[in-house]
S.K.: 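The following block contains the structure, expressed as structure tokens.
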Amino acid sequence: ASMPLPEVSHKRVVLLFDCDCFYAQCEMLEHPEWRKKPLAIKQKYLVVTCNYVARKSGVRKLQSLEDAKLRCPDLIIVDGSDLTKYRAVSMRVFNVLKRFGGAAAKHERLGMDEVFVDVTRAAEEDREDEPRLMGHLFQPDPAAVRAARTLRAELNFREAPAADAKAEQSDSGSEDGDWVRDYRETASPDDAKAALADEQLCDCGCQKRLARASKIAAEARMALFKEIGLTVSCGVSTSKMLAKIAAGLNKPNKQTTLLPQHALALVHALPTRVIPGLGFGVASALRELHPPVFTCADLAREGVRPLERLLRATLKSPPAGLAKDLWQRSLACDTDAVKPFSG
DNA sequence: CATTATGACGCT
DNA sequence: TAGCGTCATA
């Protein structure tokens, strides 16, 4: 009965490019013979990243070298404490991506291996009437769609959930990175075509804009591969948060489009850590509440006021408006702009 | 909750 | 304002 549901505008189009196992790929550029072999990059006694061959043997990020070698005795290990080489490749990636999205596009680096691109204008100006979607389209299962609908209803009115779906409450508190597996979708081309044409979903034109943007993403990924030799994963959606989540759905070397109409069905059951700006500290404080807050749906039901209290108790000096921002993001509404030239 | 960084922010 | 601590990020 307090805060109105956040307004979801679909007007932006945001891409997130995420280099697959970045340090490992940089090393493989110099040593092509390592491509088919398990390769790990270490700092001190830890594996900071590894290629996908190594992952098949159970090697993981932030594993101790000891564990990694036990799981994969023929693991090739390279020291990655000198970042010079990686910084250089990172700049090449950024420079290639700057060519895409047109003059009005905005590009923002996040760390060395991720780049956001706001391609709103280019997607608007594209005249193609029936754009074909490139890559994957996320499609939620019907149960998730129902759960999202009842969550919205719950917050709009103070009523019990519809008799329809009381099905899944809180999911297990899974490991970081674990949740991604459960939500991978590979859309069949026919399903994708149907979803894009579904006027019921939205009539603001976002489906077409996102499909056009998926083509830009595909072209940019192609350029990165041809000119640098790197594979990247990409998310296509209407905000930074959603693009980032989408990019994680299909990896490596894949791209995924997430329609804003499907966002809540994806986000509601995910751990609160998927929300940008909500880090380890706040997430663990949320889990300590009782009842504990694990998922974005839990956080959405909590509301802004209790979250403000928790932030004051948890953080030294919570930035003004943080509670509201986080709460809105728990409902898949992220208005954070792509800031041009952050590098 | 680590590695080796960088960036955003608030406080002084 | 510059510099420091905290928190988040890869």
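Atom set for the values below is all heavy atoms of this structure, side chains included, hydrogens, waters and symmetry mates excluded.
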S.K.: Does the side chain of A/Arg99 reach to within under 4.5 Å of the side chain of A/Val96, using non-hydrogen atoms?
M.R.: yes
S.K.: Round to the nearest Å and state the distance from A/Glu114 atom CD to C/dA8 atom C1'.
M.R.: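 Result: 13 Å.
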S.K.: Between C/dC7, B/dG10, C/dA10, spot the one nearest the side chain of A/Ser317, thanks.
M.R.: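 It is B/dG10.
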S.K.: At 4.0 Å (heavy atoms only), tell me whether A/Gly111 reaches a base, stays on the sugar-phosphate, or touches nothing.
M.R.: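 Since no nucleic acid heavy atom lies under 4.0 Å of A/Gly111, the category is nothing.
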S.K.: Between A/Asn51 and A/Arg35, do the side chains contain an N or O donor and an N or O acceptor separated by less than 3.5 Å?
M.R.: no
S.K.: I need the NZ-P distance between A/Lys240 and C/dA8, as an integer number of Å.
M.R.: 16 Å
S.K.: What's the NZ-C1' distance between A/Lys339 and B/dA8, to the nearest Å?
M.R.: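 After rounding, the reported distance stands at 10 Å.
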S.K.: Which ones in residues 12-30 of chain A lie close to DNA chain C, meaning a heavy atom under 4.0 Å from one of its atoms?
M.R.: none
S.K.: If you count heavy atoms of other groups shown closer than 6.0 angstrom to CG of A/Asp79, is the number above 12?
M.R.: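 More than 12 within 6.0 Å, yes.
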S.K.: Given atom CD1 of A/Ile275 and atom P of C/dC7, what is their separation to the nearest angstrom?
M.R.: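 After rounding, the gap between these two atoms is 18 Å.
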S.K.: With DNA chain B as reference, determine whether A/Ser81 or A/Phe280 sits nearer its 5' end, using the nearest nucleotide of each.
M.R.: A/Phe280
S.K.: Ignoring the backbone of A/Leu315, work out which of C/dC7, B/dA2, B/dA5 is nearest its side chain.
M.R.: C/dC7
S.K.: Given atom CG of A/Asp325 and atom P of B/dA8, what is their separation to the nearest angstrom?
M.R.: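 Whole-Å distance recorded here is 16 Å.
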S.K.: Hey, does the side chain of A/Lys44 come within less than 4.0 Å of B/dT4's phosphate (OP1/OP2), counting only N and O?
M.R.: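 For B/dT4, OP1 or OP2 has a side-chain N or O of A/Lys44 closer than 4.0 Å.
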S.K.: Please state how far atom CG in A/Asp79 lies from atom P in B/dA5, giving the value in whole angstrom units.
M.R.: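 Atom-to-atom, A/Asp79 to B/dA5, this comes out as 11 Å.
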S.K.: Look at the side chain of A/Leu62 and decide which nucleotide, out of C/dA10, B/dC9, B/dA2, has an atom nearest to it.
M.R.: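 Nearest to the side-chain atoms of A/Leu62, counting from C-beta on, is B/dA2.
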S.K.: Any chance CD of A/Glu125 has more than 12 other-residue heavy atoms, nucleotides or ligands included, within less than 6.0 Å?
M.R.: yes
S.K.: So if I take every side-chain heavy atom of A/Leu110 and compare against B/dT6, B/dT3, C/dT9, which nucleotide ends up nearest?
M.R.: C/dT9
S.K.: Look at the side-chain N and O atoms of A/Lys61 and state whether any lies under 4.0 Å from the OP1 or OP2 oxygen of C/dA10.
M.R.: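 False: A/Lys61 side-chain N/O out of range (4.0 Å or more) of C/dA10 OP1/OP2.
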S.K.: Give a yes or no on this: more than 12 heavy atoms of other residues, nucleotides or ligands lie within 6.0 Å of atom CD of A/Glu33.
M.R.: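 Enclosed.
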S.K.: Among C/dC7, B/dA5, B/dT3, which nucleotide has an atom closest to any side-chain atom of A/Lys316?
M.R.: C/dC7
S.K.: Please report, rounded to the nearest Å, how far the P atom of C/dT9 is from the CD1 atom of A/Ile245.
M.R.: 12 Å
S.K.: Looking at A/Lys85, I want to see if its NZ is surrounded by more than 12 non-hydrogen atoms of other residues, nucleotides or ligands under 6.0 Å.
M.R.: yes
S.K.: Is the shortest side-chain N to carboxylate O distance from A/Glu219 to A/Lys215 below 4.0 Å?
M.R.: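 A/Lys215 and A/Glu219: not salt-bridged.
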S.K.: Considering only B/dC9, B/dA2, B/dT6, which nucleotide approaches the side chain of A/Arg87 most closely?
M.R.: B/dT6
S.K.: Indicate whether OP1 or OP2 belonging to C/dT9 is found under 4.0 Å from a side-chain N or O atom of A/Arg273.
M.R.: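 Yes, A/Arg273 has a side-chain N/O under 4.0 Å of OP1/OP2 on C/dT9.
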S.K.: Applying a 4.0 Å non-hydrogen cut-off, can you work out what A/Ile41 is touching in the nucleic acid: base, sugar-phosphate, or nothing?
M.R.: nothing
S.K.: Please report, rounded to the nearest Å, how far the C1' atom of C/dA8 is from the CG atom of A/Leu278.
M.R.: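 Answer to the nearest Å: 10 Å.
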S.K.: When all nucleic acid strands are considered with a 4.0 Å heavy-atom cut-off, which category describes A/Val47: base, sugar-phosphate, or nothing?
M.R.: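 Nothing, no heavy atom under 4.0 Å.
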S.K.: So A/Val117 and A/Lys106, do their side chains get closer than 4.5 Å, heavy atoms only?
M.R.: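 Side-chain contact under 4.5 Å: no.
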